[in-house]
Protein chains: 2
Amino acid sequence: MLSYIFASKYLLNMEARRDVFQAIADPTRRAIIGMIVRQPVSVNAIADHFDVSRQAISLHLKILAECGLLHITQQGRQRFCEVKPEPLQEVHEWVEQYRKLWAGRLNALKKFVEQEDIFPDQKIVSHKRTTKKVKS
Amino acid sequence: MLSYIFASKYLLNMEARRDVFQAIADPTRRAIIGMIVRQPVSVNAIADHFDVSRQAISLHLKILAECGLLHITQQGRQRFCEVKPEPLQEVHEWVEQYRKLWAGRLNALKKFVEQEDIFPDQKIVSHKRTTKKVKS
DNA sequence: TATTTGCGCAAGCAAATGCTTTCGTATATA
DNA sequence: TATATACGAAAGCATTTGCTTGCGCAAATA
């Protein structure tokens, strides 16, 4: 049922012509999302918060819109941008795969630290022979 | 306590010279992580799974290692790559900010759909009046 | 010891990215 | 109606990205 809604939403008003991972890779775009998450904000208002030109921001907005993270509503001569966080679901799911992995490791570490008060060697156990710690 | 451990781990063996968001932006790199998550895999073994050259994969591995997502252990003439998912914590936290947002919206939508059996208009209601708020 | 294997490094290149400046156009305001 | 404002489109440019090929070197193997 939920997946049905998701699929429909994707087909409905999200074009997802662009990878959401790639969209959020840029720190400026992440900052934009953080900035407008509370309420829709006009393009100029967004651009005022950044050092780059309005056109540069406009392009970032276009990219965000293209992957469905942003919805733009025209109102007179202004365009208001609103966050649509649903595409982040994909990122969430991908990260979540590895979450238990690092959570488990952290717990083990935590226990160790609390017991021994030093940091354990993070050695790989499956091939403990020549652990020649690669360095650049 | 936990944050202390995290900070220490970062300082300990993660150089984080590269943005993790940027590292996982590339689909090949995400595939690499998915591939080696179970056990350490040698560089050639990884490269065999992809269409691109070994050198291209090698570069991807370097990028992943540079942001701490990968740990490389030399063993004779082989290098085994192991996933270190901890840097994904940052991604998780960033996405999680918006999770309730979309979860709430989804629930509302779900309710609406089950009730009315059509899709609601996703119009913005909060700025029907030139909301020129954010100052420069 | 001679050869093969695993792999990094460097150069070269095409495409993508991120930015700027200039322009055009539609909407608001005087 | 004349001007100012909000904004996208397009062009130009530097940098980054992702890939390839060619090379060298150390470890394994014959």
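Convention: sequence-line order gives letters A, B, ...; per-chain numbering from 1. The basis for the numbers below is simple: all heavy atoms, side chains too, and nothing from hydrogens, waters or symmetry mates.
No hydrogens or angles considered: a donor-acceptor pair under 3.5 Å links the side chains of B:E93 and B:Q89.
Looking only at distances, a side-chain donor or acceptor of B:Q74 sits under 3.5 Å from a matching main-chain atom of B:G76. Within the 3.5 Å criterion, the main-chain N or O of A:I24 finds a donor-acceptor partner in the side chain of A:R30.
Spacing between atom CD of B:E66 and atom P of C:dC9 amounts to 10 Å, rounded to whole angstrom units. Atom CD in A:Q75 sits roughly 15 Å away from atom C1' in D:dC7 (whole-Å rounding). One interatomic measurement links the two molecules: CZ of B:F21 to P of D:dT16, which rounds to 21 Å at whole-angstrom precision. If you measure from atom CG of A:D26 to atom C1' of C:dT17, you get 9 Å, rounded to the nearest angstrom. Between A:I72 atom CD1 and D:dG8 atom C1' the separation is 10 Å, expressed in whole Å. Regarding B:D19, its CG atom lies at a distance of 16 Å from the P atom of C:dT17, rounded to whole Å. Summarising the geometry, the separation between CZ on A:R79 and C1' on D:dT5 is reported as 15 Å, rounded to the nearest angstrom. Between the CZ atom of B:R18 and the C1' atom of D:dG18 there is a distance of 12 Å, given to the nearest Å.
The closest side-chain heavy-atom distance from A:K62 to A:R18 is not below 4.5 Å. Within the 4.5 Å cutoff, side-chain heavy atoms of B:R29 are placed close to those of B:Q22. Contact annotation: the side chain of A:H60 approaches that of A:D26 to within less than 4.5 Å [non-hydrogen atoms, C-beta and beyond]. Counting heavy atoms from C-beta outward, A:R99 and B:L88 have side chains that stay 4.5 Å or more apart.
With hydrogens and angles ignored, no donor-acceptor pair closer than 3.5 Å exists between the side chain of A:R77 and the base of D:dA6.
Just one residue in the list A:V41, A:I63, A:I57 forms a side-chain contact (heavy atoms from CB on, under 4.5 Å) with A:I32, and that residue is A:I57.
Scanning residues 51-60 of chain A for heavy-atom distances under 4.0 Å to DNA chain C yields A:V52, A:S53, A:Q55, A:A56, A:H60.
Each of D:dA6, D:dT17, D:dG8 was ranked by its minimum atom distance to the side chain of A:V43; first place goes to D:dG8.
In this structure, B:I63 and A:K62 both approach DNA chain D, and ranking their closest nucleotides by distance from the 5' end singles out A:K62.
A single hydrophobic cluster is seen to contain both B:V37 and B:L69, as judged by linkage of ILVMFWY side chains at heavy-atom distances under 4.5 Å, directly or through other members.
Comparing the end axes of the helix from C:dT1-D:dA30 to C:dA30-D:dT1, each fitted to five base pairs by superposing C1' atoms of four pairs onto the next four, gives an inter-axis angle of 20° (nearest 10 degrees).
Within 4.0 Å of A:Q74, counting heavy atoms only, lies no atom of the nucleic acid at all.
Phosphate proximity of D:dC7 to A:N44: present, with a side-chain N or O under 4.0 Å from OP1 or OP2.
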